[in-house]
Amino acid sequence: MADNVVYINVDEGKKRVMNNAKLYAKLLNKFKDDPNIHDIETALKAGEIENARNSAHTLKGLAANLSLTELFKQTLELETQIKAGSINMEQFAVVKETYEKTILELDKVITEYA
């Protein structure tokens with residue numbers, strides 16, 4: 001993954017909450033407790049495809065709503081693969097790495113606006 005990847009579009013995210021930076025920071029902080037990344041991994045390992053798809057769909061939606069751009073993009077690809085029945089665990093690894101990098105970026109935004 002390239003270093004110039006945009007993990008969070010802060011301006012877009014703040015617009016979604018009427019430019020309330022503190023609210024945006026609060027929502028980002030709450031996102032850190034979301035279990036869906038772990039639920040996807042657990043479901044994939046257990047062969048629970050529908051549960052994996054549901055968790056990927058939820059994570060994708062959260063990423064979109066919070067303007068977590070790269071996480072949205074990578075989770076969309078994973079969800080598409082799951083729906084097509086061609087699950088690629090390498091794509092899950094990309095999603096997980098993107099999630100971890102997004103969390104690091106979240107911490108910077110939260111510190112700035114909280």
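Keep in mind that this is a model prediction, so the values were computed, not measured. Basis for what follows: all heavy atoms, side chains included, without hydrogens, waters or symmetry-related copies.
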Enumerate donor-acceptor pairs with a distance under 3.5 Å from any side-chain N or O in residues 17-28 to protein atoms, sequence neighbours excluded.
{"from": "Asn20", "atom 1": "OD1", "to": "Lys22", "atom 2": "N", "distance (Å)": "3.3"}
{"from": "Asn20", "atom 1": "OD1", "to": "Leu23", "atom 2": "N", "distance (Å)": "3.0"}
{"from": "Tyr24", "atom 1": "OH", "to": "Leu66", "atom 2": "O", "distance (Å)": "2.6"}

Working to the nearest 0.5 angstrom, can you tell me the gap between [X] [atom1] and [Y] [atom2]?
X: Asp39; Y: Leu44; atom1: CG; atom2: CG; value: 11.0 Å
X: Thr80; Y: Ile87; atom1: OG1; atom2: CD1; value: 12.0 Å
X: His57; Y: Asn36; atom1: NE2; atom2: CG; value: 10.5 Å
X: Thr75; Y: Lys96; atom1: OG1; atom2: NZ; value: 13.5 Å
X: Lys60; Y: Asn65; atom1: NZ; atom2: CG; value: 11.0 Å
X: Leu62; Y: Asp34; atom1: CG; atom2: CG; value: 5.0 Å

Give me the atom names and distance for the closest heavy-atom approach of [X] to [Y].
X: Tyr7; Y: Glu105; value: CB-CG, 4.0 Å
X: Ala52; Y: Ala43; value: N-CB, 3.5 Å
X: Thr102; Y: Ile8; value: O-CD1, 4.2 Å
X: Thr98; Y: Gln74; value: OG1-CG, 3.7 Å
X: Ile82; Y: Ala56; value: CD1-CB, 4.3 Å

Problem set entry | Lys73 bridged to Glu77 by N-O distance under 4.0 Å |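 Salt bridge flag = no for Glu77 with Lys73.
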
For this session: Could you tell me whether Glu41 and Lys45 make a salt bridge, using a distance below 4.0 angstrom between a side-chain N and a carboxylate O?
Result: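 Answer for the salt bridge query: yes.
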
Exercise. Going by the salt bridge (Lys or Arg N to Asp or Glu O under 4.0 Å) test, which pairs reach into residues 6-20, not counting sequence neighbours?
Worked result: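 Listed once each, the pairs are Glu12-Arg16.
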
For this session: On the 0 to 90° scale, with breaks at 30° and 60°, tag the Tyr99-His38 ring pair as parallel, tilted or perpendicular.
Result: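 Correct class here is perpendicular.
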
Exercise. Quick one: does Lys32's side chain get under 4.5 Å of Asp107's, heavy atoms only?
Worked result: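 In short, these two side chains touch, coming nearer than 4.5 Å.
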
Problem set entry | Pairwise side-chain contact, Ile40 with Leu78, heavy-atom cut-off 4.5 Å (strictly under) |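 The answer is yes, as the side chains (C-beta and beyond) meet within the 4.5 Å cut-off.
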
Exercise. Which residues satisfy the side-chain contact (heavy atoms from CB on, under 4.5 Å) test with Thr111, sequence neighbours excluded?
Worked result: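 Scan of Thr111 (side-chain contact (heavy atoms from CB on, under 4.5 Å), adjacent residues dropped) gives none.
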
For this session: For Thr69 and Asn9, indicate whether the former's side chain and the latter's backbone hold a donor-acceptor pair under 3.5 Å.
Result: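 Absent.
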
Exercise. Any donor-acceptor pair under 3.5 Å linking the side chain of Gln81 with the backbone of Asn88?
Worked result: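 Confirmed, Gln81 side chain pairs with Asn88 backbone.
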
I'd like to know if [Y] and [X] are part of one continuous hydrophobic network [Ile/Leu/Val/Met/Phe/Trp/Tyr, side-chain heavy atoms within less than 4.5 Å].
X: Val109; Y: Phe72; answer: no
X: Ile49; Y: Phe92; answer: yes
X: Val6; Y: Leu68; answer: no
X: Ile103; Y: Leu59; answer: yes

Exercise. Should we count CD of Glu90 as having more than 12 external heavy atoms under 6.0 Å?
Worked result: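 12 or below, so no.
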
